[in-house]
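Structure record follows, encoded as structure tokens.
Count residues from 1 along the sequence. Atoms within a ligand are numbered from 1 in the order they appear, just like the ligands themselves.
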Amino acid sequence: MKEQLQVLKAEALAEIGNANESKVLNEIRVKYLGKKGSLTAILRGMGSLSAEERPVIGELANKVRQEIEIAIDERLITVEAAEQAAILAKERIDIFLPGRQRKKGFPHPLQLVIEEIEEIFLGLGFTIAEGPEVETDYHSFEALNLPKNHPARDMQDSLYITQDIVLRPHTSPVQIRTMEKLNPQPIRIIAPGRVYRRDALDATHSPIFHQIEGLVVDEGITFGDLKGILTIFAKRLFGEDRQVRFRPSYFPFTEPSAEVDVSCGCNGKGCRICKGSGWLEILGAGSVNPVVLQMSKYDPDKVSGFAFGMGVERIAMLKYEINDIRVFLENDQRFLAQF
Ligand code: PHE
């Protein structure tokens, strides 16, 4: 039995020495020392031993058990350390790797220009109004003093949905809707929004673009107020050093009417942007035609007003020296990321 125990110990120690995984070491523990293990099997034969032999073998068996246990525990320390090191090496984070870049979004340049213009007018006491893009013929034309066969309707080649419903060709119908809503209160609003025209897309035309409308109605409003407000506006938007000029023009809904120019950044030298003229046209405006006030139930004998309308794309193009309107629609990141 002594020999059996020695052989078992030698085998066990050899296996332990060769084991490179903690899992294998635990299997070895069970195989030799477990309830159904080899050592237990040998000890079962103790019954056949003499009374003198029994304690000797018993002591030896205990020693063998202890030695195997110690060998396993010691081997485990090394093996587990190696396993831990392997896990750490595998899960190691390289803090010097460049991070994955997540691109940030940014507002569209047209949105930036709209917001900038809104800020200027909010600072002048205006509020922001809105109206539908799918409009009635009445709000788009009739109520703006453009009756059905008025030649000025040709000025706006519109996209009709039915005879009476149209994709608004300008933001001026918001003038009418605001007067209907606020009557008889005074009005001081701007109305930004999308407008539609029957135009083919090219460098300077787009069937969809944006306008910002303005309307002021109150007692004692004069053309001088219009000039004052629009001069402040143009200088805030383009620079205090710019000049502003008013040229006589015609719109059915304003009388008198004007087109407003701001002096070009080339300072009158004449450049590509102003086509040598030194002036940039930025908007149409005028005193509200009394006929328009009357149709929307404001008393032209008591109140007067002024209105203006500007193209946002046009203003953005002048401000940022962009020469093709299509870039606003193309969503080219190289363009959009510049703002
Ligand atoms: N609605 C005009 C246009 O689209 C602009 C305008 C608005 C002119 C208000 C005068 C007053 O061209």
Side-chain angles (χ1 to χ4, degrees), residues 114 117 121 126 128-133 135-147 150-159 166-179 187-199 204-217 221-231 233-234 244-262 280-293 295-296 298 300 304-318 325:
I114 290 171
I117 294 171
F121 283 104
F126 285 68
I128 294 169
E130 275 182 6
E133 292 172 24
E135 254 302 1
T136 63
D137 180 272
Y138 172 80
H139 290 90
S140 306
F141 299 116
E142 290 297 321
L144 287 160
N145 194 32
L146 277 137
H150 195 290
R153 278 207 188 191
D154 294 341
M155 281 164 58
Q156 284 140 10
D157 245 5
S158 305
L159 292 152
V166 64
L167 293 181
R168 66 177 182 193
H170 52 182
T171 42
S172 298
V174 186
Q175 289 188 38
I176 307 306
R177 290 194 174 272
T178 308
M179 285 192 276
I187 296 169
R188 200 189 287 166
I189 58 108
I190 55 164
R194 210 175 272 142
V195 299
Y196 302 81
R197 296 208 186 159
R198 216 210 301 267
D199 267 328
T204 52
H205 298 84
S206 166
I208 303 178
F209 59 102
H210 298 76
Q211 284 190 334
I212 297 180
E213 193 81 8
L215 176 68
V216 173
V217 177
I221 300 293
T222 67
F223 198 88
D225 295 317
L226 164 71
K227 288 182 81 172
I229 289 281
L230 292 181
T231 302
F233 161 70
V244 180
R245 80 175 180 189
F246 293 74
R247 274 182 294 109
S249 185
Y250 172 77
F251 299 103
F253 30 92
T254 48
E255 179 59 32
S257 302
E259 263 162 337
V260 181
D261 300 339
V262 65
L280 308 168
E281 185 194 321
I282 57 165
L283 55 84
S287 293
V288 180
N289 193 324
V291 173
V292 171
L293 288 173
M295 273 191 279
S296 289
Y298 273 83
S304 50
F306 65 80
F308 55 88
M310 64 189 95
V312 179
E313 279 79 354
R314 182 174 169 75
I315 290 196
M317 287 167 81
L318 295 173
I325 198 171

Query raised in the report: Do Ile282 and Asp261 come close enough that some side-chain heavy atom pair is under 4.5 Å?
Result: no
Query raised in the report: Backbone or side chain, does any N or O of Thr254 fall under 3.5 Å from an N or O of ligand 1?
Result: no
Query raised in the report: Does ligand 1 have an atom under 4.0 Å from some heavy atom of Gln175?
Result: yes
Query raised in the report: Which is it for Pro169 and ligand 1 at heavy atoms under 4.0 Å: side chain, backbone, both or neither?
Result: neither
Requested in this report: Would you check if Ile176 and Glu142 make a side-chain contact, meaning some heavy-atom pair closer than 4.5 Å?
Outcome: no
Query - Centroid-centroid under 6.0 Å between Phe253 and His170 rings - result: yes
Query raised in the report: Is the distance between the ring centroids of Phe233 and Phe126 under 6.0 Å?
Result: no
**Report entry** Proximity flag Arg197 to ligand 1, non-hydrogen atoms under 4.0 Å
**Finding:** yes
**Report entry** Phe308 and ligand 1 - part of the residue with a heavy-atom distance under 4.0 Å
**Finding:** backbone
Query - Ligand-side contact atoms (ligand 1) for residue partner His170, heavy atom cut-off under 4.0 Å - result: 1 (N), 4 (O)
Report task. Examine Ser172 against ligand 1 and note whether any of their N/O atoms are separated by less than 3.5 Å. Result -> yes
Query raised in the report: Is there a nitrogen or oxygen of Gln211 sitting under 3.5 Å from a nitrogen or oxygen of ligand 1?
Result: yes
**Report entry** Nearest heavy atoms of Leu293 and Met179, plus distance in Å
**Finding:** CD2-SD, 4.0 Å
**Report entry** CG on Leu144 to NE2 on His150, rounded to 0.5 Å
**Finding:** 11.0 Å
